[in-house]
Amino acid sequence: MSTFHDDLELDEALDEIDPLRHLMHQSDDDDDEPKVLVPKQLHSVQGETLHLSFTSLQHPHIKTEIALAVDASPGCGGIAWPAGEVLSSYLVKRGPDFVHGRSILELGSGTGLVGLVAAKLQLQKTAPTRAQTPNVWITDQASLPSSFPMPDLVLAADCVYFEPAFPLLVQTLCDLVDVAGRKEPEVLFCYKKRRKADKRFFSILGKAFIWNEVMDDPDRVTYSREAITLLRLSRRKPSSRPTR
């Protein structure tokens with residue numbers, strides 16, 4: 001049996017087993033943060049397949065099922081995170097009509113879970129005899145190429161964790177919204193509060209966007225206990241943007 005002489009040695013040993021445990025579980029405010037309710041995912045996985053199933057409210061007998069190849073060894077983008085599951089579930093509850101005919105972009109996609117769910121929902125509106133490619137784009141890039149098609153629905157989940165990327169993420173959101181002659185896209189942003197540093201992201205975001213919590217999700221009370229929030233972002237009008 002191993003003996004650990006101090007907390008640092010214990011932390012190092014636990015990090016080696018599960019390198020992403022600090023991101024997955026409690027925040028800095030341990031006393032205020034509720035305990036995790038959803039069964040824990042083992043994030044030391046390598047080369048495994050995660051099966052997820054989401055149920056429609058309108059048609060409970062119809063399930064949207066996704067099989068994800070998960071691998072934590074390259075980093076945090078190789079696994080499914082809880083906010084991504086919450087946003088995916090919300091899309092399924094809204095149903096195929098919500099995504100039908102829309103150009104959709106998932107930002108900070110990681111495994112691409114949210115974008116894959118959106119694509120499956122779009123295909124549910126396609127006649128069985130007609131071949132169709134879903135109009136869904138999935139990207140993990142910090143910035144988008146100029147040739148990238150502009151979406152009218154932007155999805156982002158569990159993107160608030162790497163502080164140096166906070167300004168880049170906000171700028172990318174601005175670039176997607178600030179397109180002359182186009183209607184502002186709908187932006188759904190789901191995140192899990194983990195650290196006090198998250199406040200810095202929302203301080204930066206608040207200079208460019210306003211947001212409202214999505215209230216029509218019947219599971220909102222449940223996942224809010226896990227410090228997960230689903231927001232709808234809107235661009236601040238020029239007259240309401242803070243001056244530097």
Side-chain angles (χ1 to χ4, degrees), residues 23 27 29 76-77 81-91 93-94 98-99 102-110 112-115 117-118 135-146 148-217 219-220 223-224 226-244:
L23 287 177
S27 71
D29 304 316
C76 56
W81 293 92
E85 295 184 42
V86 167
L87 182 50
S88 297
S89 179
Y90 177 73
L91 294 178
K93 292 188 192 78
R94 293 295 303 267
F98 182 66
V99 297
R102 305 180 81 173
S103 174
I104 300 173
L105 169 66
E106 183 191 1
L107 278 180
S109 56
L113 170 61
V114 180
V117 168
N135 192 8
V136 178
W137 298 80
I138 298 173
T139 180
D140 226 1
Q141 300 180 47
S143 58
L144 302 176
S146 57
F148 205 88
M150 290 295 104
D152 48 36
L153 175 59
V154 178
L155 306 171
D158 264 317
C159 293
V160 181
Y161 61 92
F162 184 54
E163 287 186 64
F166 288 175
L168 294 174
L169 176 56
V170 174
Q171 185 58 55
T172 298
L173 289 169
C174 291
D175 292 343
L176 289 168
V177 171
D178 294 342
V179 179
R182 291 185 73 255
K183 180 182 177 182
E184 180 176 323
E186 182 175 5
V187 181
L188 293 177
F189 192 94
C190 193
Y191 86 105
K192 177 178 173 67
K193 177 181 176 292
R194 295 183 175 91
R195 305 169 304 148
K196 294 176 182 176
D198 295 352
K199 295 177 182 178
R200 178 171 176 265
F201 170 76
F202 284 97
S203 175
I204 299 171
L205 183 69
K207 296 177 181 178
F209 288 86
I210 58 175
W211 54 84
N212 294 289
E213 187 173 355
V214 173
M215 303 299 291
D216 63 344
D217 190 338
D219 290 331
R220 185 181 67 86
Y223 60 70
S224 65
E226 301 170 39
I228 297 174
T229 307
L230 176 57
L231 304 172
R232 181 173 282 106
L233 308 187
S234 301
R235 190 72 160 101
R236 282 189 179 274
K237 304 305 179 188
S239 60
S240 64
R241 293 175 194 170
T243 56
R244 294 184 179 180

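All heavy atoms count here, side chains included; hydrogens, waters and symmetry mates do not.
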Indicate yes or no: at least one non-hydrogen side-chain atom of [X] is less than 4.5 angstrom from one of [Y].
| X | Y | value |
| --- | --- | --- |
| V187 | W211 | no |
| L188 | V114 | no |
| R220 | L230 | no |
| S234 | E184 | yes |
| F189 | V160 | yes |
| D219 | V86 | no |
| R102 | N135 | no |
| D152 | S103 | yes |

Where is the tightest heavy-atom contact between [X] and [Y], given as atom of each residue plus distance?
| X | Y | value |
| --- | --- | --- |
| V136 | G115 | CG1-O, 3.4 Å |
| G108 | C159 | CA-SG, 3.9 Å |
| P82 | I228 | CB-CD1, 3.7 Å |
| L87 | A156 | CD2-O, 3.8 Å |
| C190 | A83 | SG-O, 3.5 Å |
| V170 | F209 | O-CE1, 4.3 Å |

Has [X] got a side-chain atom pairing as donor or acceptor with [Y]'s backbone, closer than 3.5 angstrom?
| X | Y | value |
| --- | --- | --- |
| S88 | G84 | yes |
| K192 | D158 | no |
| T172 | L168 | yes |
| R235 | L173 | no |

Original post:
Are K93 and D217 close enough for a salt bridge, meaning some N to O gap below 4.0 Å?
Top reply: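 Salt bridge between K93 and D217, a charged N being under 4.0 Å from a carboxylate O: yes.
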
Subject >> Check ion pair D216-R94 (N to O, under 4.0 angstrom) >> reply: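 Answer for the salt bridge query: yes.
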
What's the separation between atom [atom1] in [X] and atom [atom2] in [Y], rounded to the nearest 0.5 Å?
| X | Y | atom1 | atom2 | value |
| --- | --- | --- | --- | --- |
| L176 | L233 | CG | CG | 11.5 Å |
| L153 | E106 | CG | CD | 10.5 Å |
| Q171 | L169 | CD | CG | 10.5 Å |

Original post:
Counting only heavy atoms not in W137, do more than 12 fall under 6.0 Å of its CH2?
Top reply: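 No - once you tally the heavy atoms of other residues, nucleotides and ligands closer than 6.0 Å, there are 12 at most.
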
Subject >> All ring-ring contact (aromatic ring centres under 6.0 Å, His included) counterparts of Y191, not counting sequence neighbours >> reply: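 Testing Y191 for ring-ring contact (aromatic ring centres under 6.0 Å, His included), a comparison that skips the adjacent residues, returns F202.
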
Original post:
Taking only residues two or more places apart in sequence or in another chain, which ones pass ring-ring contact (aromatic ring centres under 6.0 Å, His included) with Y223?
Top reply: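 By the ring-ring contact (aromatic ring centres under 6.0 Å, His included) rule, Y223 matches no residue at all.
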
Subject >> Worked verdict on L107 versus T139 for side-chain contact (heavy atoms from CB on, under 4.5 Å) >> reply: CA-CA 6 Å; L107 278 180; T139 180; 4.0 Å; yes

**OP:** With sequence neighbours excluded, tell me which residues meet side-chain hydrogen bond (donor to acceptor under 3.5 Å, both in side chains) with R232.
**Re:**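 If we apply the side-chain hydrogen bond (donor to acceptor under 3.5 Å, both in side chains) test to R232, skipping adjacent residues, the hits are E186.
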
**OP:** Begin with the C-alpha distance, continue with both residues' side-chain angles, and end with the deciding distance and a verdict on side-chain contact (heavy atoms from CB on, under 4.5 Å) for E85 and L113.
**Re:** CA-CA 8 Å; E85 295 184 42; L113 170 61; 4.0 Å; yes

